[in-house]
Amino acid sequence: MSNPSSELISDKTFMGQPRGLATLFFTEMWERFSYYGMRALLILFMTGTTMSENPGLGFDVTTAAAIYGLYTSFVYLLSLPGGWVADNLWGQRKAIYVGGWIIAIGHFSMAIPSDYSFFAGLILIVIGTGLLKPNVSSVVADLYPQGGAERDAGFSVFYMGINLGGFLGPLICSYLGEGYNWHWGFSAAGFGMVLGLIQFKRGYKYLGDAGTFKGAGSVEEIRAKERGFFTKTAVFAGLVAVFAYLVSTGVVDLTLTEIAEYIGSIILVLIAGFFLYLFFRGGLSSDEKKNLGVIAWIFILAAIFWSGFEQAGSSLNLFARDLTDRVAFGWEIPAGWLQSINSLFIIIFAPLFGTMWLWLASINKNPSTGVKFALGLLGLAAGFFVLAWGAAQATVENPVTPAWLVVTYFFHTVGELCLSPVGMSSITKLAPRGRMSQMMGIWFVATALGNLFAGLVAGRLESLAPSSLFMNVAIIVAVAGLVSIVASPFVKKLMGDIK
Ligand code: GLN
């Protein structure tokens, strides 16, 4: 008798993909809806005046941007333990489901108007996303055990789900949050996540055994491992809470910006140590060492890229609020609506780029990884040059047209389409034997570091004019892009046969 679950998996009924992909597509779509919907409000809410009918928290830009950077950074950093929990304790499905509920509770917590529930909400979303985000992607991979082009096609469809959520979330949450009440916007994010979870649970039957627990060990051994993990986590969380208390009471004299800077430095030192350890003591062959060098290079470039790109929700969002004229037909468009543009452009242009890379490959002209990274950085730099130009003409009294931001996001999206898909896939190909998931983790750390720097850079808006800030970012990123072009032949050599 044939195995019914594998029949279900191979039944292609969703855009030519297995039906199970629809389940994961909509789970990720709703999760990103909640993430980007809330993120569109986050910095506006934190810096919003307390003296309004829809009161914000009244934080200064530096503090708000540091919180934004720490929050968005930890969202990605916690995918490391999140992936570990799924692999070793729970299986992906349970991690996604539990993580999703933690996210939803986090958003609902932010819907309560108090400082404590606000910060509790951010912490819950960080934990929940760490459990959910990396594991949805692993289950997608699981649906295509054969890998190769079919899996790539599955991921392209899945990426559309991410961006459909990224498109709709800011539209709905900003409409409610900016227009009526911040906390309604946060609730809408929570409801979106709950819809995603109901849909996910109902779709288990389409997943076959993808995402079920496949780790080794008896039930007792796993329970013991679980107890060990949660005890350590509780101790660590306790220490963090004590530290937070000491900072908030002024016993430890550190600003949030300084904390973010220290965390960034610690992450950098740890990653450098990890690379050096692997290089000298990891028992790697000389080819593997060369590939590891390329991964380190990709890590640096990706961190620089995200540190510009991820300012979308911070400095670019503030620019939209303060320096663009958003009145159309007598109605002021919420600033957060401009957060949807990147996702909209991805939905429009991703298929075009996919076709273009395939066509270039067919005539043997596919740019190398190093060149694609350079194009990504140069696209990002072009966006920031445009924005610096626009910002130079904008004042609070005479705001400029939002078209400046639209063009900026266009260039940023082109950059993302050159760099992001190729980054992840080249890392999987370059990873040393048996270190695949660690190297995927490195990719997430690069994103986390980028988000942290994005917050720190945006915090400079407190003292620097927007046009100078954006110009500085544009120059640094452009230099990184040019260095990447110059380095690309060496990178190609180091990569050997890997395409
Ligand atoms: N927009 C994509 C997502 O949300 C990628 C973001 C990133 O890796 N920084 O999944």
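Ligands are counted one by one from 1 in listed order, and the atoms in each one are counted from 1 as well.
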In plain terms, say whether Asp142 and Lys214 are close enough for a salt bridge, that is, a side-chain N and a carboxylate O under 4.0 Å apart.
yes
Taking the cut-offs as 6.0 angstrom to the six-membered ring centre and 45 degrees off its axis, would you call Lys201 and Tyr97 a cation-pi pair?
yes
Write out the residue and atom name of the closest protein heavy atom to atom 5 (C) of ligand 1, then the distance separating them to 0.1 Å.
Tyr159 OH, 3.9 Å
Going by the order shown, which atoms of ligand 1 are within less than 4.0 Å of some heavy atom of Ile162?
3 (C), 4 (O), 10 (O)
Please say whether the positively charged group of Arg19, taken as NZ for Lys or CZ for Arg, lies over the ring of Phe14, i.e. under 6.0 angstrom from the six-membered ring centre and within 45 degrees of the axis.
no
If you have a sec, work out which protein heavy atom is nearest atom 4 (O) of ligand 1 and how many Å separate them, to one decimal?
Tyr36 OH, 2.6 Å
Nearest protein heavy atom with distance in Å, relative to atom 6 (C) of ligand 1:
Tyr76 OH, 3.5 Å
Is the contact between Trp306 and ligand 1 made by the side chain, the backbone, both, or neither, using heavy atoms and a 4.0 Å cut-off?
side chain
Cation-pi, Tyr36 ring and Arg39 (6.0 angstrom, 45 degrees)
no
Under 3.5 Å, N or O to N or O, is Glu310 touching ligand 1 that way?
yes
Can you tell me if Lys94 has over 12 outside heavy atoms packed within less than 6.0 Å of its NZ?
yes
Between Phe33 and Phe167, is the ring centroid distance below 6.0 Å?
no
With atom 10 (O) of ligand 1 as the reference point, say which of Lys133, Glu416, Arg32 has the nearest heavy atom.
Lys133
For ligand 1, which atoms, with element, lie under 4.0 Å from some heavy atom of Thr447?
7 (C), 8 (O), 9 (N)
